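Data block below; observations after.
Please read these numbers as outputs of a predicted model, since none were measured by experiment. Every heavy atom of this structure was used, including side-chain atoms; hydrogens, water molecules and symmetry mates were not. Here is how names work: the chains are called A, B, and so on, in the same order as the sequence lines, proteins then strands, and each is numbered from 1.
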Amino acid sequence: GQSLEQPSEVTAVEGAIVQINCTYQTSGFYGLSWYQQHDGGAPTFLSYNALDGLEETGRFSSFLSRSDSYGYLLLQELQMKDSASYFCAVRPVKAAGNKLTFGGGTRVLVKP
Amino acid sequence: DVKVTQSSRYLVKRTGEKVFLECVQDMDHENMFWYRQDPGLGLRLIYFSYDVKMKEKGDIPEGYSVSREKKERFSLILESASTNQTSMYLCASSFTGGGYTFGSGTRLTVV
């Protein structure tokens with residue numbers, strides 16, 4: 001089965017850097033995804049790591065290490081609009097279709 | 001842009017009613033999903049479909065059924081609504097191997 005663990009909440013100030021860790025126990029998966037969800041809104045796709053290493057997209061970066069069963073999302077130069085919940089997700093190898101299993105989500109609160 | 005449209009933003013239904021939640025996507029995605037989202041529990045998969053008329057149970061299918069008669073439409077059915085089904089329901093679609101596009105969600109309250 002699959003299990004993904006994330007911290008429940010992180011608080012930081014504008015301009016700071018936040019790292020959201022995602023540790024997992026899974027029998028095998030294709031890659032690690034990250035989604036952002038603002039209060040009252042729909043989750044939106046942020047990034048995907050198929051291979052180990054760092055993927056950078058503007059102020060956001062995502063990292064995967066399969067050997068350590070660990071990944072993270074790095075939010076740099078935090079802005080107020082980054083206040084949202086962030087979910088990691090994996091697509092299990094044995095799952096039909098494109099089924100994703102999500103972590104419980106990390107609520108990021110950015111303060112002035 | 002891919003659009004996933006859920007028919008209702010807010011719904012209030014009575015216990016025992018049969019409830020239909022509709023979801024339509026416009027990008028020819030083969031995969032469609034229904035999740036529910038509850039505080040502290042994250043996103044939990046109810047059912048998904050990887051082709052027309054094909055469906056598979058997710059992690060919490062009890063009390064729900066689904067219908068996919070056309071590729072663009074995936075309906076979630078609560079056979080007999082109960083108060084513990086009060087939740088935010090999110091529909092999503094994707095190509096196989098692709099990221100999900102979610103709808104705006106339906107907040108269902110069962111009284």
A:Arg107 CZ: over 12 foreign heavy atoms closer than 6.0 Å: no
Examine whether an atom of B:Phe95 lies under 4.5 Å from a heavy atom of chain A, and if so say whether it belongs to the side chain, the backbone or both; otherwise answer neither. backbone
Scored by heavy-atom pairs under 4.5 Å with chain B, the best of A:Pro43, A:Gly40, A:Gly105, A:Ser85 is A:Pro43
Using the rule that Ile, Leu, Val, Met, Phe, Trp and Tyr join whenever any side-chain heavy atoms are under 4.5 Å apart, tell me whether B:Trp34 and A:Phe102 fall into a single cluster. no
More than 12 heavy atoms from other groups under 6.0 Å of CD on B:Glu17: yes
How would you list all residue pairs meeting side chain to side chain donor-acceptor pair (under 3.5 Å) that involve residues 7-18 of chain A, not counting sequence neighbours? none
Sub-3.5 Å donor-acceptor pair from the side chain of B:Tyr100 to the main-chain atoms of A:Tyr35, do we have one? no
Should A:Leu100 and B:Tyr35 count as side-chain neighbours, where that means a heavy-atom distance under 4.5 Å? yes
In this structure, would A:Tyr48 and A:Tyr72 fall into the same cluster of hydrophobic residues linked by side-chain contacts under 4.5 Å? no
Pairwise side-chain contact, B:Gln37 with A:Phe87, heavy-atom cut-off 4.5 Å (strictly under): yes
Using a heavy-atom cutoff of under 4.5 Å, enumerate the residues of residues 53-64 of chain A that contact chain B, numbered in order, or state 'none'. none
Hydrophobic clustering (ILVMFWY, side-chain heavy atoms < 4.5 Å, transitive) - are B:Val12 and B:Met88 grouped together? no
Heavy-atom distances under 4.5 Å only: say whether B:Arg9 touches chain A with side chain, backbone, both or neither. side chain
Are A:Leu51 and A:Leu46 grouped together when hydrophobic residues (ILVMFWY) are joined by side-chain heavy atoms under 4.5 angstrom apart? no
Same cluster or not: are A:Val10 and A:Leu74 linked, directly or through other Ile, Leu, Val, Met, Phe, Trp or Tyr residues, by side-chain heavy atoms under 4.5 angstrom apart? no
Quick one: closest heavy-atom pair of A:Ala42 and B:Ser104, and the distance? CB-CA, 4.0 Å
Any non-hydrogen side-chain atom of A:Gln37 less than 4.5 Å from a side-chain atom of B:Leu90? yes
Atom group of B:Leu45 that falls short of 4.5 Å from chain A, counting heavy atoms: side chain
For B:Asp59, which atoms come within 4.5 Å of any heavy atom of chain A: side chain, backbone, both, or neither? side chain
